[in-house]
Enquirer: 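Before I ask anything, let me first share the structure, which is written out below as structure tokens.
Values below: every heavy atom of this structure, side chains too, minus hydrogens, waters and symmetry copies. Protein chains get the first letters and strands the later ones, always in sequence-line order, with residue 1 at the start of each.
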Amino acid sequence: MEEWRKNKKSFAVFMIPATAWLVLFFTIPIGILWIYSFGERGPQGQTYLAFSFANYARAVEWIHLGILWKSMWMAGVTTVVCILLGFPLALGIAFAPQKYKNPLLLLIIIPFWTNLLIRTYAWIAVLRSKGFLNFGLEWLHDKMDYALTTVGLGSALGAFEPVQFLYNQQAVIVGLVYVYLPFMILPLYASLEKLDKRYLEASLDLGAGHWRTLFSVTVPLISPGIASGVILTFILALGSYLTPNLLGGTDSMMIGNLIAHEFMAARDWPFGSALSFLLMYGAFLAIWLKSTIETRAAAQRERS
Amino acid sequence: MTIFSHLSATPVKYRRRLINPLDYTRRLWLQLTVGFGLLFLYAPLVALVAFSFNDSKRNIVWQGFTFKYYAKAFNNSGLHDAFMNSMIIASISTVVSTVLGTLLAIGLARYKFKGKALYDGWVHLPVVIPEICLGVAMLAFFVWANIPLGLTTITISHIAFSIPFVAVIVRSRMAGFDRSYEEAAIDLGATPWKIFWDITFPYLTPGIVAAALLAFTLSIDDFVITFFTSGPGSTTFPIKIYSMVRFSVTPEVNAASTILIALTVILTVAAMLVQGRGEKGMKK
Amino acid sequence: MTNQNKKPPIIEVRNLIKRFGETAIAVNDVSLDIYEGEFFALLGPSGCGKTTLLRMLAGFENPSEGLISIGGKDMVGVDPSLRPVNMVFQSYAVFPHMTVAQNVGYGLKVTGVAPREIDLRVTEALELVKLEGYGTRLPNQLSGGQQQRVALARALIKRPKVLLLDEPLSALDAKLREQMQLELVRLQKSVGITFVIVTHDQDEALSMADRIAVMSKGRVEQLATPAELYEYPSNRFVADFIGKTNIFSATVVGRDGKSLLVDVPQLGRMALPFEGDAQGEISLAIRPEKLRLEAHVASGDKVSVKGKVQQLAYYGGESHVHLDCASGMSLSVTRPNGHRGSYQDVIVGEEAFICWDSADMLVLTH
């Protein structure tokens, strides 16, 4: 590592272009947003500069608080489902024979590379009233109807009514789980992989069963990885826009959708900016939490 | 007198394969769970791709294999224009962000300065901030600066969020670089520029190529930020698909989606291979 | 080679084979018996299969073929948690997120022992390994040697029939290692259970074990007491692996009653006491400490060869002298430095006669 002063010209060549771009087209926009968050909305939707906290106050008003809480609820449920589905998957990869590990990991990641829009759209085809799920249910219904008819209970089931799977909270959660599952699996896999399997062997040797070993030894020892996955999944799900937009209905508006609404239809940019910053602060808090946990875990590993 | 004395002298072979206690993945229940998980991950995508070839408007019942929806998609002028727009934006964004990001990565790897940790954190912010916030911030900026929304604004935004990704990838490639090669060259009298082009740059090439491929993918795939910085006549491929999706679910949309999937997967696989091959080259 | 006692063995292994994949065989048809109360060692270079064998006894690997019984019961396919054995791992595997007391009591807690009894037995176990008062400490506050004692206490508290130890002393420094060697033997005698250790360090095995199985490439080369192994190695590998040896070739020419007649290059014809079957080319071995350096040719039954000192290695209590002899033979002599200054008796470049008693020579048929 050189001290920059020694070679000021080189230093400038390397650092200035990217820095200039990011200052101009990243920091300034964020700064403008920040200033707007203290502003006021004019009658035709213009933004007047002011020094008011009114927007932030509005954000925690009852109706908006509802959306915030609902977003956190949906992000929370998503995270829980991701843990329940992701942990066995991470376990399956971590304990697979060596030659299968990378292929399995790749298999998990490939869907992640595809476009978010398309991943979400794929679920529309599955969940809508003329979608695969209802198609399957209808098939089942018809088969059962047929069976009952032969027994003489012809119209016991009645006509098939497609189930409303789409445009509600459940659909959004399914979509979010689908999109963010890899973010849970990867940290879990990484920490399971690094775990010294001798600890598990010692636990079994001492008389503990496999489930006991899981809860008394494995989980405590990978808790930083679990925390990482949970925090990451939660904060990403919380900030999502496209998935609730495509899969959700009137009861499943999330913070991202509200922000978009304020910037488009409602034309209340100051309020939208305030909401954006609340979301950003949340994201920063989560990242800080995550890195603190990780550094503490690394330090502990150094000591022992 | 042992417990085995009643057994014959022939060796005992184990017919059913005994599973070691920690070989969890050999156990059926875990295999089923992993299988179900993979099914969950792939079924919707496979269905989507499969039904792009379905000869039926209804999209559920399989009625025959056809390419006609791909033809339809290719002939759709809206889709075609959007695709071209995406390509143009992605190309420019890739070139600029790769150059800027690579320079930044080398600078960060080579120099130390006061406040570097803070600077480092700031440079990585675009990765951390939720896309919706970035999108509306860019919108607010362009409106305030009186720049009309269009291909330019989209490209500018794409470059901005691609730079940190490029920097991260190139920097991790830099980490494996042995400075003593450079120092040997200085010792032999080479100028800084020569050293850069003859030694540093060739080593970095796999990382730079991988980063460029990633930047291209990020640009093509982006929806949220593009949505807020696009104007009339500057639709990109994902945005066009979005508007088609809002309208209805048709095999044509599936076809367009499949094209996008194929593109992304190919690019990402290429990036991985390039990075993998780079690992085998000059190492510390 | 001698049967320890007339009681049935506590561990019986019959024709045990372990294959990894299609080609690798880690354990290749091993059969042995281990008796109750023994301190038994599995000794060999890395890759000889000793650790795999130990892990099969513990239950972490399943054999490809063969039988294992512990305490009279067939153990193949039995879960490690159900076996009457406990293991001390090479890296100790002391749970980092639990205190010493929680670690030691873990094995009792998971089998449903009452908390009050757990406390009592934990205190007892900590006393046994001389770690009284360390109960509330965390493993990262302990030294390597202390962690090992926690691992020992944790295993012994379960009162297993057999304690398995995987390279228990390899992570310790030399001084501590010597201490722990004595400590482990003392512990074993006071607790009275069978100890089976795996080690690659022959000094360790020789000084601690009652019987040793020397292994190489998945097979047991020789199973005997330390003294038998050292004084009567059954083949070249064992002679070479245990202690140092001088080895040279010879040709069998016949027998003379209880002695074998051999022709040795440079030494001529010798009659060596050997009752086994031997023909053709064989190896002869002699331990370096059985050789003497003399200024003049020996008389009587002693064999002597002239040689020139090439190298001297000083070890404080003894010196190792390496000499080259006429026919290209090299010999190593271990000379005790019996008096102050006696290490200076021999100097490099000097010529001397190496003498020994032919009865001290070993005949190795393979």
Side-chain angles (χ1 to χ4, degrees), chain A residues 1-4 10-11 13-15 17-18 21-22 25-26 28-30 32-33 36 85 88-89 91-92 95-97 107-108 110-111 113-118 121-126 128 130 132 135 181 197 200-201 204 239 241-242 246 256 259-260 263 269 272-273 276 279-280 283 287, chain B residues 21-25 30-31 33-34 37-38 41-42 44-45 47-48 51 58-60 100-101 103-104 106-107 110-113 123 125-126 128-133 136-141 144 156-157 159-160 163 167 192 221 223-224 228 238 241-242 245 249 253 257 260-261 264-265 268:
Chain A
M1 287 259 169
E2 295 171 28
E3 181 60 47
W4 70 285
S10 284
F11 184 71
V13 166
F14 285 119
M15 304 292 285
W21 194 278
L22 285 176
F25 299 117
F26 170 65
I28 293 185
I30 298 280
I32 290 178
L33 207 68
Y36 280 9
L85 192 54
L89 280 172
L91 205 69
F95 284 88
L107 276 182
I108 299 282
I110 289 178
W113 290 337
T114 56
N115 192 306
L116 175 61
L117 169 62
I118 294 171
Y121 163 63
W123 277 98
I124 297 183
V126 175
R128 64 194 180 131
K130 291 206 171 71
F132 294 114
F135 184 62
L181 191 60
K197 307 296 183 294
L200 306 188
E201 287 184 347
L204 291 176
Y241 162 75
L242 198 48
L246 281 177
I259 294 175
F263 269 87
W269 288 23
S273 308
S276 299
L279 185 57
M280 270 193 266
I287 299 290
Chain B
L22 283 183
D23 247 343
Y24 290 130
T25 314
L30 196 57
Q31 288 179 339
T33 315
V34 174
L38 289 175
L41 283 176
Y42 280 92
L45 286 176
L48 185 147
F51 276 87
R58 249 193 101 216
N59 223 12
I60 304 241
L100 261 44
L103 289 174
L104 182 63
I106 299 176
R110 198 184 269 198
Y111 298 104
K112 57 176 176 177
F113 49 93
V123 155
L125 274 183
V128 162
I129 293 183
E131 273 207 297
I132 179 81
C133 303
V136 299
M138 299 310 290
L139 175 62
F141 172 72
W144 166 81
I156 291 176
S157 316
I159 295 174
I163 290 179
D221 262 351
F223 177 82
V224 180
F228 286 99
I241 297 182
Y242 175 75
V245 165
V249 177
V253 182
S257 305
L260 192 52
I261 293 178
T264 318
V265 173
T268 319

Enquirer: Which atoms of A:S10 come close to chain B, meaning under 4.5 Å heavy atom to heavy atom: side chain ones, backbone ones, both, or neither?
Expert: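 Both backbone and side chain of A:S10 come within 4.5 Å of chain B.
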Enquirer: Heavy-atom distances under 4.5 Å only: say whether A:I32 touches chain B with side chain, backbone, both or neither.
Expert: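 Answer is side chain: those atoms of A:I32 sit under 4.5 Å from chain B.
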Enquirer: Mind checking what makes side-chain hydrogen bond (donor to acceptor under 3.5 Å, both in side chains) contact with B:Y111, not counting sequence neighbours?
Expert: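 Once residues adjacent in sequence are excluded, B:Y111 has no partner under the side-chain hydrogen bond (donor to acceptor under 3.5 Å, both in side chains) criterion.
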Enquirer: Is it the backbone or the side chain of A:W113 that comes under 4.5 Å from a heavy atom of chain B, or both, or neither?
Expert: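 Contact with chain B: backbone and side chain both.
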Enquirer: Looking at A:G256, A:A260, A:P111, which makes the most heavy-atom pairs under 4.5 Å with chain B?
Expert: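 The option with the most such pairs is A:P111.
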Enquirer: Could you look at B:L104 and say if it's the side chain, the backbone, both or neither that has a heavy atom under 4.5 Å from chain A?
Expert: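 Backbone plus side chain of B:L104, per the 4.5 Å heavy-atom cut-off to chain A.
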Enquirer: I need the residue from B:L139, B:L30, B:T264 with the largest number of non-hydrogen atom pairs under 4.5 Å to chain A.
Expert: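 Heavy-atom pair counts peak at B:L30.
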Enquirer: What's the spacing between B:I132 CD1 and A:M280 CE if we round to 0.5 Å?
Expert: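 The distance works out to 10.5 Å.
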Enquirer: A:L107 versus chain B, heavy atoms under 4.5 Å apart: side chain, backbone, both or neither?
Expert: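 Both parts, backbone and side chain.
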Enquirer: Go through B:P238, B:A140, B:P126, B:G37 and name the one with the most non-hydrogen pairs under 4.5 angstrom from chain A.
Expert: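 Between B:P238, B:A140, B:P126, B:G37, the count favours B:P126.
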Enquirer: Quick check on B:L103 against chain A: is it the side chain, the backbone, both or neither that has a heavy atom closer than 4.5 Å?
Expert: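 Looking at B:L103, backbone and side chain both touch chain A.
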Enquirer: Apply ring-ring contact (aromatic ring centres under 6.0 Å, His included) to the pair A:F132 and B:F51, showing each step before the final yes or no.
Expert: CA-CA 12 Å; A:F132 294 114; B:F51 276 87; 5.2 Å; yes
Enquirer: Check each atom of B:I156 against the heavy atoms of chain A and say whether the ones under 4.5 Å are side chain, backbone, both or neither.
Expert: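 Contact with chain A is through both the backbone and side chain of B:I156.
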Enquirer: Heavy-atom distances under 4.5 Å only: say whether A:I108 touches chain B with side chain, backbone, both or neither.
Expert: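 The answer is both parts of A:I108.
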Enquirer: Given heavy-atom pairs under 4.5 angstrom as the criterion, report whether the side chain, backbone, both or neither of B:P44 touches chain A.
Expert: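 Answer is both: backbone and side chain atoms of B:P44 are under 4.5 Å from chain A.
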Enquirer: Checking A:Y36 against chain B: side chain, backbone, both or neither under 4.5 Å from a heavy atom?
Expert: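 Answer is side chain: those atoms of A:Y36 sit under 4.5 Å from chain B.
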Enquirer: Tell me, please, which residues at least two apart from B:F113 pass ring-ring contact (aromatic ring centres under 6.0 Å, His included).
Expert: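 B:F113 satisfies ring-ring contact (aromatic ring centres under 6.0 Å, His included) with A:F11, B:Y119 once adjacent residues are dropped.
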Enquirer: Given 3.5 Å as the limit, does a donor-acceptor pair link the side chain of B:T25 with the main chain of A:G92, or not?
Expert: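 Answer holds: yes.
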Enquirer: Quick one: of B:V224, B:T33, B:L125, B:D23, who has the most non-hydrogen atom pairs under 4.5 Å with chain A?
Expert: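 Option with the top pair count is B:L125.
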Enquirer: With a 4.5 angstrom heavy-atom cut-off, is it the side chain or the backbone of B:V136 that approaches chain A, or both, or neither?
Expert: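 Answer is both: backbone and side chain atoms of B:V136 are under 4.5 Å from chain A.
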Enquirer: Verify the ring-centre separation between B:Y242 and B:F223: is it less than 6.0 angstrom?
Expert: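 Ring centres of B:Y242 and B:F223 closer than 6.0 Å.
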Enquirer: Would you mind checking which part of A:I30 comes under 4.5 Å of any heavy atom in chain B, side chain (CB onward), backbone (N, CA, C, O), both or neither?
Expert: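 A:I30 touches chain B through backbone and side-chain heavy atoms alike.
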Enquirer: Out of B:V123, B:L38, B:I163, B:I129, return the one with the most heavy atom pairs under 4.5 angstrom to chain A.
Expert: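 Answer, by heavy-atom pair count under 4.5 Å with chain A: B:I129.
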Enquirer: Given that the side chain runs from C-beta out, which part of B:L41 has a heavy atom under 4.5 Å from chain A: side chain, backbone, both or neither?
Expert: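 Both parts, backbone and side chain.
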Enquirer: By a 4.5 Å heavy-atom criterion (distance strictly below it), what part of A:I287 contacts chain B: side chain, backbone, both, or neither?
Expert: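 The side chain, not the backbone.
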